**Q** 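This is the structure, below, for whatever I ask next.
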Amino acid sequence: MITPEVAAHLDGAVMIIMSSETEGDWPTIGRGIGARSRDPGHLELIFSSHCFPQITQDLSRGCRLAVTLSRLQDYVTYQIKGRATLADADDDDVALADLYRARIRAGFEVIGVPTQMVHEWIGGTDLVRAIVEVSEVYHQTPGPRAGTIVARAS
Amino acid sequence: MTPRLADLASCFEGVIPSVVATRAADGMPNISYLSHVAMVDDEHVALSNQFFAKTAANIRSDPRASVLVVCPRTGRQYQLALTWQRSAEHGVLFDHMAAHLRASSAQIGMADVMRLRATDIFRVEAILPFAAPSEQQTTNAHPAPTLNELAPALRDLSAQTDPAGVMDLLLSLIRDRFGYSHAMVLLNEADRAVVTTALSIGYGQSGVGAEVPHGVGLIGAAAASARSMRINDVSRVRRMGGAVAATSREDEVVSRRVTLPGLAEAMSQIAVPMSVQGQVRGVLFVESPDRLAFDNQAAAALEMIAQQAASALALNERLADEADEPIAAEPPPALDDRPTVRVLHHPFDHSVFIDHVYVIKGVAGQILMHMLDQHRQSGRADFSNRELRVSMGSTLPDFKDNLETRLLLLRRRLDELKLPVRLLHVGRGRLRLELHGEIVARST
C-alpha cells in the first residue's frame with residue numbers, strides 16, 4: 001500500500017496532520033512529529049500524547065486514523081488511512097522525532113518563519129507511536145488529482 | 001479564558017494554512033489542508049472549496065467539522081468546532097473569496113487550477129483549547145498608526161491643493177507614519193482597463209508609466225474588484241513576471257511598456273483601491289520584506305488614508321476645472337540653441353516617442369500630441385484643464401475623469417526621462433509646455 005514514492009515522501013520535510021475516529025462530538029485534529037514505514041502495509045507515526053490526549057485515548061481502543069503528509073517545499077501531499085494501535089515511544093522513535101524537528105525547523109527557516117513559531121506546531125512531550133495498518137492511500141496535492149486513490153489494501 | 005472568534009481575526013489572514021477534519025457516515029475520519037478560512041461574523045466562518053470532494057461529501061452526512069487555525073504572529077493554534085449550514089456558489093462572500101483566491105493563485109501561476117467552486121458556511125459551536133508547548137510571543141514590526149496619529153495625516157491630505165501634493169504626501173505618510181519603505185500609487189484608466197504607476201518610493205526605478213491590466217495580480221485584482229487585496233507571506237510566490245528585473249530604455253522602446261518596479265525580497269503585499277463614490281480612481285500598493293506586515297488594523301488604516309487621498313484627488317480635479325483663467329498668449333521660451341527634437345506618434349495606441357525614447361501611450365499620449373500640435377499651429381505654450389477638456393472632448397468620449405492626474409503622470413514621466421519636452425505646473429488647472437528644441441513631429 002505504501003508505494004516507494006510515498007515511502008520516500010515520509011522521509012522529507014513534510015508537515016503531518018491527523019484525525020482519529022472518535023467518540024467525541026467533533027472530529028479530532030492533531031500533528032505528528034515524524035513518520036516511517038518499515039513495510040508497505042504499515043505506517044508508524046510519532047506524536048505528543050500531552051498535546052493530543054483525545055487522539056491518544058481514541059488510539060488506545062484501536063480506532064481508525066487519517067494521516068495527511070504535505071511537503072513544505074512544493075505541497076505534494078498524500079493522505080493515508082487505516083486502523084491504528086498505540087505503543088510507547090522507544091529510543092528510535094525519539095531519535096526520529098528529533099531528526100524530524102530539525103528538518104522542519106530548517107525548512108521553515110529558509111522561508112523566514114521564526115523557530116519559536118515552529119515549536120508551537122512540532123513541540124510537545126510524552127511521545128507515543130501510532131501504528132497504522134494501511135488500508136487506503138490518496139493523492140491530496142492541491143489540484144485536479146486531489147482525492148484520487150494511490151493504493152488500497154486488497 | 002475561551003477566546004471569541006473576533007479575537008482570532010489574524011488567524012483568518014490566510015498566512016498559515018488551516019486544516020479541516022470531517023467524518024464519513026461510517027465514522028472514517030478525513031483530514032486536509034484548506035486554502036482559505038474567512039470569518040463571516042461573530043458566529044460563522046466560511047471555508048473555500050476547490051478540490052475537497054470528500055470533505056464536501058462528509059459534511060452532508062455528518063455536518064460536524066473541526067478546523068484548525070493558526071495565529072500568524074505567535075504560531076498559536078485554535079480548534080474550531082463547526083456545524084455546516086449551507087454552501088454558496090455566488091454572493092458577496094463568495095465573490096470576495098473567489099477574487100482573493102484568484103489574485104493569490106495568479107501570483108503562482110495557478111489561477112486556473114485554484115478556481116473556487118463554492119464556499120461552505122459553518123456555525124462556530126466552540127473554540128476548543130489546543131495544547132500549547134510554549135507561551136512565547138512575537139511582536140509586530142509594523143504596528144498600525146493609532147487614531148490620534150491618523151487624524152493629522154488625514155487632515156494634511158485634505159489640505160493639499162494639487163494632485164502632486166496629494167500623492168507625494170500619501171507616500172510620505174506611508175513611509176514615515178506607517179513605516180513601510182516601498183509603495184506606489186497607480187491611477188486608473190477605466191477606458192483602457194489598466195492602472196498606471198504615477199509615483200513610487202523605495203525602488204531603484206520609479207516605474208512611472210508602468211501599467212497593470214485590471215484583474216492581473218494583486219494590483220489588478222484590487223482595481224477590478226474595488227476591494228483591498230493582500231498577501232502576508234509571499235515567500236513561495238513568484239512575483240509578477242519580470243517585475244524585479246532592471247529594464248533599460250531600449251527595452252521600453254521595443255515593448256512600449258514601462259516595467260513595474262518591485263521589491264525582490266517582498267514577503268507581504270497589499271493593494272488598496274482608491275475609490276470615490278464607488279468609482280476606482282487608483283490603487284495604493286505597499287509591500288514589505290517582513291512577514292505579516294499588513295494585519296487587519298494596518299489594512300484598515302491604509303484604507304482610510306487611501307480613501308482620503310482619493311477624495312482629495314477628486315476634489316482637486318474639480319477645482320482645477322473651476323480655476324480656469326484667460327490664457328495669456330505667451331511666446332515659447334526663447335532659447336539660444338534649438339536642436340531638433342523628434343517626436344513620433346503611433347495613432348493605433350497613441351504611444352509617443354521623443355528622440356527615440358518611449359514616453360507614454362493612451363490618453364496621456366493623445367494629450368501630449370494635442371498640445372504639441374497646438375503649439376505648432378499657434379505657438380501657444382500655456383494651456384488650461386478646462387480648455388483641454390473642451391477641445392479634446394469630441395475625440396475622447398471617455399475623457400472626463402482624471403485629467404489632472406493624467407497630466408501629472410505625463411509631467412512626471414517627461415521629467416524622469418529628462419526629455420527636451422516638459423510640462424510645468426503653473427497654477428491650479430494650468431500648465432505650460434516647455435520645449436528645449438525645434439519639434440519635428442511625425443505620425444505613423
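Chain identifiers are assigned alphabetically (A, B, ...) following the order of the sequence lines, protein sequences preceding nucleic acid strands; residue numbering begins at 1 within each chain. Since this is a predicted model, take the numbers as computed values, not measurements.
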**Q** Under 4.5 Å heavy-atom distance to chain B, tell me which part of A:Arg145 shows up: side chain, backbone, both or neither.
**A** neither
**Q** Under the side-chain contact (heavy atoms from CB on, under 4.5 Å) criterion, do A:Asp126 and A:Ser49 qualify, and how do the steps go?
**A** CA-CA 6 Å; A:Asp126 303 334; A:Ser49 62; 3.3 Å; yes
**Q** Under 4.5 Å, heavy atom to heavy atom, which residues of residues 76-101 of chain A contact chain B?
**A** A:Gln79, A:Lys81
**Q** Working to the nearest 0.5 angstrom, can you tell me the gap between B:Cys71 SG and A:Glu120 CD?
**A** 9.0 Å
**Q** So, A:Thr22 versus A:Asp58: side-chain donor-acceptor pair below 3.5 Å or not?
**A** yes
**Q** Which bit of B:Asp26 is near chain A, if near means a heavy-atom gap under 4.5 Å: side chain, backbone, both or neither?
**A** both
**Q** Could you tell me the separation between the CG atom of A:Leu10 and the CZ atom of A:Arg71, rounded to the nearest 0.5 Å?
**A** 11.0 Å
**Q** Does the pair B:Tyr33 and A:Met15 meet the rule for a side-chain contact (heavy atoms from CB on, under 4.5 Å), with working shown?
**A** CA-CA 10 Å; B:Tyr33 284 100; A:Met15 292 303 287; 3.3 Å; yes
**Q** More than 12 foreign heavy atoms under 6.0 Å from CD of B:Gln85: is that the case here?
**A** yes
**Q** As an exercise: rank B:Asn30, B:Thr83, B:Val19 by heavy-atom pairs under 4.5 Å with chain A and give me the winner.
**A** B:Asn30
**Q** Tell me, for B:Val70 versus chain A, whether the close heavy atoms (under 4.5 Å) come from the side chain, the backbone, both or neither.
**A** side chain
**Q** For A:Met18, is it the side chain, the backbone, both or neither that has a heavy atom under 4.5 Å from a heavy atom of chain B?
**A** backbone
**Q** Check whether A:Glu136 gets within reach of chain B through its side chain, its backbone, both or neither, counting any heavy atom under 4.5 Å.
**A** side chain
**Q** Identify which of A:Val110, A:Thr125, A:Thr68 forms the greatest number of heavy-atom pairs closer than 4.5 Å to chain B.
**A** A:Thr68
**Q** How long is the straight-line distance from CZ of A:Phe47 back to CG of A:Leu65, given to the nearest 0.5 Å?
**A** 8.0 Å
**Q** Is it the side chain or the backbone of A:Ser20 that comes within 4.5 Å of chain B heavy atoms, both, or neither?
**A** backbone
**Q** What part of B:Ala65 lies closer than 4.5 angstrom to a heavy atom of chain A: side chain, backbone, both or neither?
**A** backbone
**Q** Counting only non-hydrogen atoms closer than 4.5 Å, does A:Ser48 touch chain B with its backbone (N, CA, C, O), its side chain (CB onward), both, or neither?
**A** neither
**Q** Quick one: CD1 on B:Ile31 to CD1 on A:Ile17, what's the gap to the nearest 0.5 Å?
**A** 4.0 Å
**Q** Does a sphere of radius 6.0 Å around CD in B:Glu125 hold more than 12 heavy atoms from other residues, nucleotides or ligands, not counting ones at 6.0 Å or beyond?
**A** yes
**Q** How far does CG of A:Leu69 sit from CD of A:Gln140, to the nearest 0.5 angstrom?
**A** 10.0 Å
**Q** Looking at A:Asp74, A:Val118, A:Val67, A:Asp25, which makes the most heavy-atom pairs under 4.5 Å with chain B?
**A** A:Asp25
**Q** Tell me every residue that passes side-chain hydrogen bond (donor to acceptor under 3.5 Å, both in side chains) with A:His9, counting only those two or more places apart in sequence or in another chain.
**A** none
